[in-house]
Amino acid sequence: MMRKEKLHILSSKQVALDTVEMVLENTYISKTAVPGQFLHVSVEGHSLRRPISIADIDMENETITILFKIIGSGTKQLATYQRGMKIDVLGPSGNGFNLEIRADSTILLIGGGIGVPPLYYLGKTLAKNHIKLISILGYQTAQHVFYEQRFQEIGETHIVTNDGTHGKKGLVTDVLDTFDFDRYYACGPVPMLQAITAKLEHQPGFISLEERMGCGVGACFACVIPTDTPDGYKKICKDGPVFNAQEVSL
Amino acid sequence: MMRKEKLHILSSKQVALDTVEMVLENTYISKTAVPGQFLHVSVEGHSLRRPISIADIDMENETITILFKIIGSGTKQLATYQRGMKIDVLGPSGNGFNLEIRADSTILLIGGGIGVPPLYYLGKTLAKNHIKLISILGYQTAQHVFYEQRFQEIGETHIVTNDGTHGKKGLVTDVLDTFDFDRYYACGPVPMLQAITAKLEHQPGFISLEERMGCGVGACFACVIPTDTPDGYKKICKDGPVFNAQEVSL
Amino acid sequence: MKNLAMDLPGLNLKNPIMPASGCFGFGREYSEFYDLGELGAVIMKAATGSERFGNNTPRVAETSSGMLNAIGLQNPGVEKIIETEVPFLESFNVPIIANVAGSTVEEYIAVAETFNQTDKVNALELNISCPNVKEGGIQFGTDPDMAANVTRLVKQVSNLPVYVKLSPNVSDIVAMAKAVEVAGADGLSMINTLSGMQIHLPSKRPLLANKTGGLSGAAIKPVAIRMIYEVKQQVSIPIIGMGGITSAEDVLEFLLAGASAVAVGTANFHNPFICPELIEALPEVLYKYGFSSVEAAIGKGVPSYG
Amino acid sequence: MKNLAMDLPGLNLKNPIMPASGCFGFGREYSEFYDLGELGAVIMKAATGSERFGNNTPRVAETSSGMLNAIGLQNPGVEKIIETEVPFLESFNVPIIANVAGSTVEEYIAVAETFNQTDKVNALELNISCPNVKEGGIQFGTDPDMAANVTRLVKQVSNLPVYVKLSPNVSDIVAMAKAVEVAGADGLSMINTLSGMQIHLPSKRPLLANKTGGLSGAAIKPVAIRMIYEVKQQVSIPIIGMGGITSAEDVLEFLLAGASAVAVGTANFHNPFICPELIEALPEVLYKYGFSSVEAAIGKGVPSYG
Ligand SMILES: Cc1cc2nc3c(=O)[nH]c(=O)nc-3n(C[C@H](O)[C@H](O)[C@H](O)COP(=O)(O)OP(=O)(O)OC[C@H]3O[C@@H](n4cnc5c(N)ncnc54)[C@H](O)[C@@H]3O)c2cc1C
Ligand SMILES: Cc1cc2nc3c(=O)[nH]c(=O)nc-3n(C[C@H](O)[C@H](O)[C@H](O)COP(=O)(O)OP(=O)(O)OC[C@H]3O[C@@H](n4cnc5c(N)ncnc54)[C@H](O)[C@@H]3O)c2cc1C
Ligand SMILES: Cc1cc2nc3c(=O)[nH]c(=O)nc-3n(C[C@H](O)[C@H](O)[C@H](O)COP(=O)(O)O)c2cc1C
Ligand SMILES: Cc1cc2nc3c(=O)[nH]c(=O)nc-3n(C[C@H](O)[C@H](O)[C@H](O)COP(=O)(O)O)c2cc1C
Ligand code: FES
Ligand code: FES
């Protein structure tokens, strides 16, 4: 269940171009969150909260790691917050990734840019259960790459960059065909997700979606997405952000 | 001439109930400001600046002291600013006190509450020129008293409090009659200034006024006060905040 | 403790704080944060005759001290609301206000009639002012005659007290208020959102899929206060005030301007506990400014009342 | 550098940035901060037929992301402005726009005629929308026929291009814009302030002596963008856009919505250098979003133009 919590900032550092990693301390969220859930972060002077995925959790030390890209005024300000300060957060929010996986499966993680973070905590959790992982991570340029080393520690990892400055040149979809897998998990920009779900139409998969949010708790109907379900729609903040790739229309 | 300057906060401390003293560092303003002028202080998240009087200047160390009372959201926030931070200020603003005083004069300083600060720098400057000073300072209660010691260092000083918890019980106007003087300078709430100017109607005097400001530079006509001058009005931010007591209609 | 209670047509409010329509769904989500029984009342999300899917996304945008929304009245339809949502709210000890919307006069009447047939809601809020529905909603909200007409017809089919929710997007708010008062409104809700827009620079297009949206939040509070203050001098039915409330001081400002109760919208999104926190903070603020009850403060800022 | 120049009726603007009327006096004060010749143009404070002392104080109040003002058109009268203020502004290489106000149609005509007789100002801005004058100003601003009438009569006595400044306090901004276009307006200025109020809790009375005031600043930007966007699709005369501009991104947003130039008001109070800073920042923002000139961006967010 979601709560409103104050999280202590333990560290904040730049890990790639315009990309900040923040480690936060909180008992409740570290104990209850599952991969794929997000935090709804309050930023001073802003009327709406910012949804940011949980990128990692250290249950023992009760820390939560988030990674965010500086896009507009909210993330710009969040990037100025320093160790010792507290942030006000709703979380853990939404529904995470489906973790019911057969033991001998091979799982493909497909991340694009700032869509990579939630896949890390997912991957780490799956790796702990000895699931075989292949990660394909796409970034704009070498300067944008983060967490390559960490993904390598949990499985085979392939980096692609738009301009070829690191790893293979191209898009994540250019290398998808190369791998055999049982299920995929993807997070990234909508065009990437559209290309992936089209290409992997007949493979089971889960995707994590973004939409502009009002409440972040399911009350305002800002973040709906059309689905094949009886209601005809789902709320990304509450029913998502993770959906079965077959279920939603992008 | 007024400039837009960044001022380093050297210290910020509470000196009385809800009253903060802040010492700021700035070359230009410390070199050019005269007693009675004010700073127009930017406070984050607020569309209008806050006018705060200059309470003291140390020309050698290039510091400016301000004292402010926590009234609403702007001063509340200003009170959270710590040593090491910078504040954005327009200043020195307005016209200060008339300092042309005959050498053998006795000057009465009359301050009420948060109207006391500008009188301190005035008094200090006059004392340097060996002008005899008598200060009458009124506060709500003993808890509100500040700068008593400092005023004593520059001349005879009488404290009155509304509830008699420190000094004499009563209002500054209750003790005015007791003194002989050549000219008075007053700053404080409007009712106090009205009482003083009525009581000292035939004495030369100068008063410092407050009004809600827009621009603080004389452009928006927010802060006008009716006067006997040909224009029929003056601007507190530019022509004031100090006026000849005879000239303005309170 | 100060007396926060307040009686309005159909509503025995234990305090004057309620969540605003559309910002609180049907209460389920916020009931996970606190007991909805603490609230003065709950105003449900707009109900239309049949299910609506609303506008395309994006549906919200952030603005300085506010936000734009163009949800487009997404809701499961009045029948389903009565069937699945009202019973949940009934489990709390809190008056329920149903927000009634539609594209045609007939739809308004049908929705009001349906609510009236159940004895499960305490009052209707007639949303004649939603700027995000194209087919007519906006018309009712800016034309005094049409507003009066829909009010009159709804009153004819319903025994429930009717609060008409006024749009601020008008030249003359007093004319609107008077028209619906004469037509039989039991109270007013004001204000709904101001029509606004944000252009998304990268795409060079309005950010909201619906292009325009309704501006809410602290940014619009001065407009709400002005309108309530003006209307209070000219009408005698009570006003539920809203628009940018974020603090107990804001609540008092609305009371002084002439509101008898208030609704809180956008502020729920930043702080899900805003309503109970306001209820807790209000007595001290009333005391600080010399009021012994909510009732004592109502309209005290308005010359002819104060 | 990007081409910031823009030609409008009567105005050769070297860039699209000008201070808004009433927020810049007659330029003297801000000329101590920077060379007014850097500006696209200067819009002077409102001029009336004879001297006005304006409203009582307090005249301003701060609001969330904005402010209220009720200055009440204080000014020394048109003759004195021409005698003492215009010559000062003439010493800079900058087009001058005179803001024309009045309580009666006759006063508007007289002020316009007086400006017309000097050859010292480049255009008139007809302020039919000041919400702080009781005697009639507000009427012109909300009634299309009255607005058209005063526009027509002013055009008859003046060879100067006339920009009519529209009030946002109307149900139908497009109707207002069309009416003054048909009446001969050469351009539009929009928007003026939204009518608002703040109640001062300690005194339990409206904070402004005038009670209501005009809301300006970032809070109102979404309303301004929406209105300009709507009007741009229906009229063909150019629009000077204003309302809450604080950044070069905001300037581009106004251009995309359909403004051909912009005015900056409230932001001057917080940052006296805002206008030159916007002028300096604009080329990079235009470049970032793919525009080679100001002209290329105008109306590009509007379907029928983009
Ligand atoms: C479920 C979810 C998880 C996310 N996880 C991450 C993450 O781990 N790291 C990360 O960097 N970003 C993440 N995002 C995107 C992130 O929320 C936006 O980049 C951020 O809100 C931008 O805020 P801003 O103030 O910098 O930008 P602005 O453009 O100034 O924001 C204006 C408004 O638009 C909203 N907004 C802008 N872009 C987005 C977007 N892409 N998605 C949703 N709302 C948006 C903002 O929240 C705000 O309300 C996630 C989004 C969602 C929905
Ligand atoms: C020339 C001048 C010198 C001043 N010197 C001092 C000083 O040395 N120390 C000090 O504590 N105070 C001083 N004041 C008063 C000080 O400006 C206000 O207390 C302060 O602006 C309150 O801001 P706030 O955000 O806390 O209050 P809020 O009430 O939240 O402010 C809302 C708005 O009202 C304005 N405002 C509120 N009270 C006043 C006031 N009394 N005068 C002018 N504007 C006001 C604020 O500037 C702001 O724009 C001075 C005022 C003037 C005009
Ligand atoms: C996301 C959102 C949805 C809304 N939906 C409705 C609605 O369905 N019916 C209605 O009458 N008002 C609706 N409103 C308007 C609010 O009830 C309220 O009148 C307005 O937001 C002003 O209050 P606030 O500033 O506290 O949000 C909605 C507002 C928002 C922000
Ligand atoms: C203090 C003040 C005085 C104003 N005086 C005038 C005026 O005399 N004539 C006029 O047409 N508009 C006047 N306005 C309105 C502005 O020109 C402008 O239209 C409005 O403030 C919106 O722009 P902004 O949000 O950038 O301030 C005034 C605004 C303010 C804040
Ligand atoms: S953001 Fe409000 S329902 Fe999802
Ligand atoms: S505050 Fe603008 S003229 Fe004084």
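Side chains are part of it too, since the values below use all heavy atoms of this structure and drop only hydrogens, waters and symmetry mates. In what follows, every chain begins at residue 1, and chains take the letters A, B, ... in the order their sequences are listed.
- Rounding to the nearest 0.5 Å gives a distance of 14.0 Å between NE2 of A:His46 and CE of C:Met67.
- Residue-environment remark: CD (C:Glu90) exceeds the threshold of 12 foreign heavy atoms within 6.0 Å.
- Highest contact tally toward chain A, considering only C:Pro76, C:Gly66, C:Ser64, is held by C:Gly66 [criterion: heavy-atom pairs under 4.5 Å].
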Which atom pairs, one a donor and one an acceptor, fall under 3.5 Å between side chains of residues 218-225 of chain C and the rest of the protein, sequence neighbours left out?
from	atom 1	to	atom 2	distance (Å)
C:Lys221	NZ	C:Asp250	OD1	2.8
C:Lys221	NZ	C:Glu253	OE1	2.9

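- The shortest non-hydrogen separation linking A:Ser47 to C:Ser65 is OG-C, 4.1 Å.
- Within a 6.0 Å sphere centred on NZ of A:Lys6, other residues, nucleotides and ligands contribute 12 heavy atoms or fewer.
- Only the backbone of C:Thr63 has a heavy atom closer than 4.5 Å to any heavy atom of chain A.
- Around atom NZ of A:Lys4, more than 12 heavy atoms belonging to other residues, nucleotides or ligands sit under 6.0 Å away.
- Environment of NZ in A:Lys199: crowded, with over 12 heavy atoms of neighbouring residues, nucleotides or ligands closer than 6.0 Å.
- With a 6.0 Å radius and a threshold of 12 heavy atoms from other residues, nucleotides or ligands, A:Lys238 has its NZ atom above the threshold.
- Proximity to chain A at a heavy-atom threshold of 4.5 Å picks out C:Gly25, C:Glu29, C:Tyr30, C:Glu32, C:Phe33 from residues 25-33 of chain C, in numerical order.
- Taking chain A as the reference chain and counting heavy-atom pairs below 4.5 Å, the highest number among C:Ala61, C:Pro58, C:Gly217 is found for C:Pro58.
- Contacts with chain C (heavy atom to heavy atom, under 4.5 Å) involve these residues of residues 207-233 of chain A, listed by number: A:Glu211, A:Arg212, A:Met213, A:Gly214, A:Cys215, A:Val217, A:Gly218, A:Ala219, A:Cys220, A:Phe221, A:Ala222, A:Val224, A:Asp231, A:Gly232, A:Tyr233.
- The environment of A:Gln143 atom CD is sparse: at most 12 non-hydrogen atoms of other residues, nucleotides or ligands sit within 6.0 angstrom.
- Counting non-hydrogen atoms of neighbouring residues, nucleotides and ligands closer than 6.0 angstrom, the CG atom of C:Asn93 reaches no more than 12 such neighbours.
- With a 6.0 Å radius and a threshold of 12 heavy atoms from other residues, nucleotides or ligands, C:Glu280 has its CD atom at or below the threshold.
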List the steps, then state whether side chain to side chain contact (heavy atoms under 4.5 Å, CB included) holds for C:Glu62 with A:Arg49.
CA-CA 10 Å; C:Glu62 190 179 67; A:Arg49 290 171 176 265; over 6 Å; no
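- Contact count versus chain A (heavy atoms, under 4.5 Å) is highest, among C:Thr246, C:Asn56, C:Asn75, C:Leu207, for C:Leu207.
- Taking 4.5 Å as the heavy-atom cut-off, the residues of residues 264-274 of chain C that approach chain A are C:Phe269, C:His270, C:Asn271, C:Pro272, C:Phe273, ordered by number.
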